[in-house]
2 protein chains.
Amino acid sequence: MSLKYILLGVLSESQSGYDIKKYFENSLKNFWNAELSQIYPLLQKMEKEGLLNGTTGDSDIGPKKRVYGRTEKGNSELESWLSEGPVVGSERIAYLAQVFFLASLKDKASAIAYMQKLKDYMAARLATLKAVETEWAGQDARYPDALPDDEFYPQLTLTLGIARLRGTVEWCEECISRIQARKEEPVEAGQ
Amino acid sequence: MSLKYILLGVLSESQSGYDIKKYFENSLKNFWNAELSQIYPLLQKMEKEGLLNGTTGDSDIGPKKRVYGRTEKGNSELESWLSEGPVVGSERIAYLAQVFFLASLKDKASAIAYMQKLKDYMAARLATLKAVETEWAGQDARYPDALPDDEFYPQLTLTLGIARLRGTVEWCEECISRIQARKEEPVEAGQ
DNA sequence: TGGGGCATGTAAGGGGTTACATGATTGA
DNA sequence: TCAATCATGTAACCCCTTACATGCCCCA
C-alpha cells in the first residue's frame, strides 16, 4: 500500500508514468522500485479516486503523453501518510537468510566464497552511491545542509544508504576473518 | 521464491508447520517472516515435489501433528541455492520513502517528530537484539566464535542486525540535529 | 529499413496478508 | 465452563514480476 503514497510524493511536480519510472531508476531505487506495468494502472486508479488529475496530449514532439498532477485531496492523503508515523516491519532480506543457513554448505571455503561475493556486490553499490554524493556535492554549493527541503530530505536517505553499505561491507570482511579463524569441523563418518 | 529454501534450511531438524512458525517468531523474524497460511500449503507442495517427507500423528499428547523432514533431494536443492551466490536486490523500505518525502510536511517540527518516532522504534528493536546477544553469550561459553556451525552462522546475522540498528539509531539522531540546525523555509504566500 | 528509445497499456501468475473455519487439549 | 494455546487448513484479496501487445519517432 506504500506505492500509492510514493507516487503522490513523486508527483509534487507533474509527470507521466514513464517519467516516474525513470525517477525510480535514478533516485528511489535504493529503497523502492516499481515496474511500468504497476505504475500505469495505479495512476489510472488514483485519478478515479480523485487523488490525481491527468491531462493527455500536450507533448512536445514524441507520442501522446499522459501527465499527472496531485490534487488537493492527493496532497492531504500524502500528508496524513507521513503524519501517521513511520511504516515499519516486514523487511525481507534473502541474503541474510542464506547466511543464516550457510552451515549447509560442506566446507568453510564455500562459505567464504559466498561472503566474498556478497562483499563485492555491496562494495559496488557503495561505490555508485558515493559517486552520486560526490557529484551532487560538486554541483551544488548548498550541499548538504543548505539544500532546499525537497533535496535535503532525499539527501538524508542517501546518507543512510552509504552508511549502511559501508557497515555491510565491513561486516562481510569481519565475517570472512571470523570464518577463516575457525577450525574446520570434522564431518561425521557414516551417516 | 526464497521461502521454499528457508523452509528447507529450517528443516535440518524435522518439525511441523506450527513449530516452524514459532521458529520464525524467535529467530528469523529480523530478516524474514511467513504466516501459517503460507507455510502449510507450501509444505504440502514441497512434499509433492519430493523435497520433504511428512509423517502424521506420532505426537506426544496434543492434536495430530504433521512433521516434515528434508529428503536427499531437499538437501541438494538447499545447497544449490546457497552455491548460486547471494540473492540480492529489490529491498523495499517504506520508512525511507517517507523520509525522502518529508518536505511535504508543513513544518520542521513535524519532520523532527517523525524522526524521533523512527528513532524510538529502532532503539527498541536494538534493545531486544542486544538482550538476545547477552543471554546467548551468558548461556554458552563457546559464544561467539567457538559455536558449532549451525549456531555460528546465525550469530553472524545477529551481529549485522545489531550493527545496522545501532547505525540507524545514530543516523536518526544526526538527522534530528541537522533538521534542527536548518532555517525554517518561508512558506510561499498565495502560491 | 531496421533498431532503439519513447510511451501506454493488458494478462497471467507467483508471493504474501487477512480473514475465516475447524477441532482438540489445557488450565483457571 | 470458558478462554487460551495447539494444530491444520481454505478463500479472497492485494502487491509485484514477467511477458506480451501496440504504435510513434529518430537516427544510422
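A quick note: this is a predicted structure, and the numbers were derived from the prediction, not measured. Numbered from 1 within each chain, the chains take letters A, B, ... in sequence-line order.
Residues A/F101 and B/Y5 keep their aromatic ring centres 6.0 Å or farther apart.
Here the NZ-CG distance, from A/K4 to A/L42, works out to 8.5 Å after rounding to the nearest 0.5 Å.
Computed from coordinates, the B/Y5 OH to C/dG14 C1' distance equals 14 Å when rounded to whole Å. Whole-Å rounding puts the B/L28 CG to C/dG16 P distance at 13 Å. B/Y18 places its OH atom 16 Å from the P atom of C/dA24, with the value rounded to the nearest Å. Put simply, CG on A/D19 is 10 Å from P on C/dC6, counting in whole angstrom units. As rounded to whole Å, 13 Å separates atom P of C/dT17 from atom CG of B/L42.
Between the A/T71 side chain and the A/G50 main chain, a donor and an acceptor come within less than 3.5 Å of each other.
Side-chain contact annotation: A/Q155 with B/R178, donor-acceptor N/O pair under 3.5 Å present.
Counting only heavy atoms from C-beta outward, the side chains of B/M115 and B/W171 approach each other to under 4.5 Å. B/E133 has its side chain within reach of B/I162: a pair of non-hydrogen atoms, C-beta onward, lies under 4.5 Å apart.
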Treating primed atoms plus P, OP1 and OP2 as sugar-phosphate and everything else as base, which nucleotides of nucleotides 9-18 of chain D get B, S or - for protein heavy atoms under 4.0 Å?
BBB---SSBB
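Side-chain nitrogen and oxygen atoms of A/K65 include at least one within less than 4.0 Å of the OP1 or OP2 phosphate oxygen of C/dA7.
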